[in-house]
Amino acid sequence: QVQLVESGGGLVQAGGSLRLSCAASGRTLSDYVMGWFRQAPGKEREFVAAISRGGSRTYYADSVKGRFTISRDYAKNTVYLQMNPLKPEDTALYYCAAGAILAVPSSYTDWGQGTQVTVSS
């Protein structure tokens, strides 16, 4: 339905920051609720953050509240995840996804390829 490509991952020290980007094509991104998920080796995929179609409502996992911010740029058809400050436990492969219901992970059905975030102590 919609093609998603993540970028912006990298290696940073604890206390540093990164901004992940998710660029969409094939569909208008405002048609979807958008979310970020992450998965560390040997662990299950985890919901991180989501933003409503209009951008006025957001939802965050307890583990990232106050540190991560999700946002939309409608002109660029792009969703962002600002991460500051980062902790070692944030190390994971991060995915963006398009869905239907803000706080229901199972409603996200279109996924990007992922971008790696590694946070050193």
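Source: prediction; values computed, not measured.
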Exercise for review: Kindly check if the number of other-residue, nucleotide or ligand heavy atoms within 6.0 Å of CD (Q13) is above 12?
Suggested key: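 Check fails, neighbour count at 12 or below.
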Can you tell me if [X] uses its side chain to pair, donor with acceptor, with the backbone of [Y] under 3.5 Å?
X   : Y   : result
S56 : G54 : no
S52 : G55 : yes
Y59 : G35 : no
E46 : F37 : no

Nearest heavy atoms of [X] and [Y], plus distance in Å:
X    : Y    : result
T118 : Q116 : OG1-NE2, 3.4 Å
D110 : Q1   : OD2-CB, 3.2 Å
K43  : Q39  : O-NE2, 3.1 Å
Q82  : S17  : NE2-CB, 4.0 Å
L102 : A50  : O-CB, 3.4 Å
S121 : P88  : OG-CG, 3.9 Å

**Study point:** Approximate separation, where rounding is to 0.5 Å, of L4 CG and R27 CZ
**Key:**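 The CZ atom of R27 is 11.5 Å from CG of L4, to the nearest 0.5 Å.
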If hydrophobic clusters are built by linking Ile, Leu, Val, Met, Phe, Trp and Tyr wherever their side-chain heavy atoms come under 4.5 Å apart, do [X] and [Y] end up in the same one?
X   : Y    : value
F47 : V117 : no
Y95 : V2   : no
V33 : W111 : yes
M83 : V12  : yes
L29 : Y80  : no

Check whether any side-chain heavy atom of [X] lies under 4.5 Å from a side-chain heavy atom of [Y], and answer yes or no.
X    : Y    : answer
R19  : L81  : no
E6   : C96  : yes
I101 : Y108 : no
E89  : V119 : no
L20  : W36  : yes
T115 : S7   : no

Exercise for review: Salt-bridge test for D90 and R67: reply yes if a basic N is under 4.0 Å from a carboxylate O, no otherwise.
Suggested key: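 Salt bridge between D90 and R67, a charged N being under 4.0 Å from a carboxylate O: yes.
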Exercise for review: Show the numbers, then the answer: is there a side-chain hydrogen bond (donor to acceptor under 3.5 Å, both in side chains) between Y94 and R38?
Suggested key: CA-CA 4 Å; Y94 283 71; R38 65 188 183 186; 2.9 Å; yes
Point to revise | Candidates N77, T58, V79 - the one meeting side-chain contact (heavy atoms from CB on, under 4.5 Å) with R72 | key: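 Filter result, single survivor: V79.
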Check your understanding: For the ring pair F68 and Y60, is the centre-to-centre distance below 6.0 Å?
Key ->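 Aromatic pair excluded; centres sit 6.0 Å or further apart.
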